[in-house]
Amino acid sequence: MRTLLKTVLALGLALSVAGCSANEAADSGQGEVTVVKVGVVGAYNDQWDTVNELLKDDNIQVELVYFSDYALPNKALDSGDIDLNAFQHHAYLENEVAEYGYDIVAIGDTIIAPLGLFNNKDKITSVDQIQDGDQIGIPSDATNGGRALKILEELGLIVCDPQAGEMPTVGDITEKIVDIDIVELESGMLASALPDLTAALINGGNAITAGLNPTTDAIYVETIGENVDRLKNVIAARTEDQDNEIYRKVVEAYQTDEVAQTLQDSYQGAFLPAWQ
């Protein structure tokens, strides 16, 4: 009898664990709710509360899974630990797929988040005060680092090899008009390192997380220009799930006027809706 009881309990535990996979189902009192785990980086997530309100009638609930840096959410998505992620732009995703072979794709645009040049207020108050020997932080990943270098070039601080295109590396710098020291750091570390730098190029998400507003605190904000499509942030899914009906409903809920209004109310123009 005792053996039989243990067997029944073990079977019940196994079924419970099996029921909590990528799409968890919970009883809301109005039927089962499908839980979709979405990986994010940073604390700028008010829009997901609006998404969840819009998904209630479909019995779908987004559960955010927080990651500390950009290196983790695509790995987690590819391995099946989460269902979707929403933290990167098209260019970053393309680079990750090429470098690591991830079988993931973009299924919908979300926001545009320009890079801002944030100054150490104890050292400078404007771009023209940057001088020889100053340390300027940029993101260490290839795509955002390339964006940052193009901004420094646009500001007249450096010259990059034209053959490097829109995503140069530090090795592609052919001239330093101002002899700055470029410091490459993981994107999420740049704001905390700002007291040790003269200035840093920080993306909108990490800036907001650190209490910085790109529209009011930055001394320069990136001009998106013709590169706009590659710099739109996305919701990404595994390739095999790109037509998943539930995931498509999450994208549809995100790409609404209600979410656009939340972005405006919460972030005052720091994030722009990319689907409009």
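Please read all numbers here as calculations on a predicted model, not as lab measurements.
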In this structure, are over 12 heavy atoms from other groups packed under 6.0 Å from Asp57 atom CG? no

Interatomic distance, Ile246 atom CD1 to Thr34 atom OG1 [nearest 0.5 angstrom]: 4.0 Å

Side chain of Asp69, backbone of Ala71: donor and acceptor closer than 3.5 Å? yes

Determine whether Ile130 and Leu157 make a side-chain contact, defined as any pair of heavy atoms from C-beta on separated by less than 4.5 Å. yes

Determine whether Arg248 and Glu245 make a side-chain contact, defined as any pair of heavy atoms from C-beta on separated by less than 4.5 Å. no

How about Thr262 and Asp46: do any of their side-chain heavy atoms sit closer than 4.5 Å? yes

Side chains of Ile180 and Gln135, heavy atoms from C-beta outward: is any pair under 4.5 Å? no

Is there side-chain contact between Tyr70 and Asn203, with heavy atoms separated by less than 4.5 Å? yes

Taking the side chain as every heavy atom from C-beta outward, state whether Ile111 and Leu263 have any pair of such atoms under 4.5 Å apart. yes

Side-chain heavy atoms nearer than 4.5 Å, only ILVMFWY residues, links allowed to pass through others: does that put Ile202 and Ile124 together? no

Whether Glu94 and Arg230 form a salt bridge (side-chain N of Lys/Arg under 4.0 Å from carboxylate O of Asp/Glu) is what I want to check. yes

Do side-chain atoms of Asp109 reach the backbone of Val234 as a donor and acceptor pair under 3.5 angstrom? no

Which atom names give the shortest non-hydrogen contact between Ile219 and Ser126, and what distance separates them? CD1-C, 3.9 Å

Interatomic spacing from CG in Leu77 to NZ in Lys37 - rounded to 0.5 Å: 13.0 Å

Considering non-hydrogen atoms only, spot the tightest contact between Thr209 and Ala43 and give its length. OG1-N, 2.9 Å

Is Leu212 reachable from Val221 through a run of I, L, V, M, F, W or Y residues, each pair having side-chain heavy atoms under 4.5 Å apart? no

NZ/NE/NH1/NH2 to OD/OE distance under 4.0 Å, Lys249 and Glu252: no

Spell out, as yes or no, whether a donor-acceptor pair under 3.5 Å connects the side chain of Asp241 to the backbone of Asn244. no

Looking at every non-hydrogen atom in both residues, tell me the closest pair between Ala106 and Leu93 and how far apart they are. N-CD2, 3.6 Å

Inter-residue atom distance Asp179.CG - Asp134.CG, 0.5 Å rounding: 10.0 Å

Short side-chain donor-acceptor distance under 3.5 Å, Asp141 and Asn144: yes

Side chain to side chain contact (heavy atoms under 4.5 Å, CB included) test vs Ile136 passes for just one of Leu155, Leu197, Leu152, Val183, namely Leu152

Check the pair Thr143 / Gln88 against side-chain contact (heavy atoms from CB on, under 4.5 Å), numbers first and verdict last. CA-CA 10 Å; Thr143 53; Gln88 65 194 322; over 6 Å; no

Do Gln47 and Phe271 touch side chain to side chain, with heavy atoms closer than 4.5 Å? no

Let's go through Asn233 and His90 carefully: what are the C-alpha distance in whole Å and the side-chain angles of both, what is the deciding distance for side-chain hydrogen bond (donor to acceptor under 3.5 Å, both in side chains) to 0.1 Å, and is it a yes or a no? CA-CA 6 Å; Asn233 280 26; His90 284 277; over 6 Å; no

At their closest point, which heavy atom of Leu149 faces which heavy atom of Pro168, and how far apart are they? CD1-O, 3.5 Å

Take atom NZ of Lys75 as the centre, draw a 6.0 Å sphere, and report whether it contains more than 12 heavy atoms from other residues, nucleotides or ligands. no

Audit row: Asp161, Thr174, side-chain hydrogen bond (donor to acceptor under 3.5 Å, both in side chains) steps and yes/no: CA-CA 6 Å; Asp161 184 348; Thr174 58; over 6 Å; no

Show, in sequence, the C-alpha distance, side-chain angles and deciding distance for Thr110 and Tyr254, and conclude whether the side-chain contact (heavy atoms from CB on, under 4.5 Å) test is met. CA-CA 7 Å; Thr110 56; Tyr254 198 110; 3.5 Å; yes

Just do the side-chain contact (heavy atoms from CB on, under 4.5 Å) check on Gln61 and Val36 with the steps written out, would you? CA-CA 6 Å; Gln61 180 182 349; Val36 180; over 6 Å; no

Is there a path from Ile158 to Leu190 through hydrophobic residues (I, L, V, M, F, W, Y) whose side chains come within less than 4.5 Å of each other? no

Spell out, yes or no, whether Val159 and Leu201 are grouped together once hydrophobic residues are joined by side-chain heavy atoms under 4.5 Å, including indirect joins. no

Which heavy atom of Asn95 sits nearest a heavy atom of Ala142, and at what distance? ND2-CB, 4.0 Å

N/O donor-acceptor pair under 3.5 Å between Thr50 side chain and Glu258 backbone: no

Identify the two heavy atoms, one from Ile138 and one from Gly145, that lie closest to each other, and give their separation to 0.1 Å. CD1-O, 4.1 Å

Is the side chain of Asn52 donor-acceptor paired with the backbone N or O of Val62 at a distance under 3.5 Å, no angle test? yes

side-chain hydrogen bond (donor to acceptor under 3.5 Å, both in side chains), that's the test. Do Asp257 and Gln261 meet it? Break it down for me. CA-CA 6 Å; Asp257 291 341; Gln261 188 62 53; over 6 Å; no

Between Glu63 and Val35 (side chain of the first, backbone of the second, donor and acceptor by atom type, cut-off under 3.5 Å), is there such a pair? no

Heavy-atom side-chain proximity of Val259 to Trp48 below 4.5 angstrom: no

When hydrophobic residues are tied together by side-chain contacts of less than 4.5 Å, even through go-betweens, does Val228 share a cluster with Ile151? no

Inter-residue atom distance Glu186.CD - Ser68.OG, 0.5 Å rounding: 7.5 Å

Please lay out, stage by stage, how Arg238 and Asp83 fare under the test side-chain contact (heavy atoms from CB on, under 4.5 Å). CA-CA 8 Å; Arg238 287 179 292 280; Asp83 303 312; 4.2 Å; yes

Ring centers of Tyr44, Tyr267 separated by less than 6.0 Å: no

Glu222 CD to Leu117 CG distance, which is reported to the nearest 0.5 Å: 11.5 Å

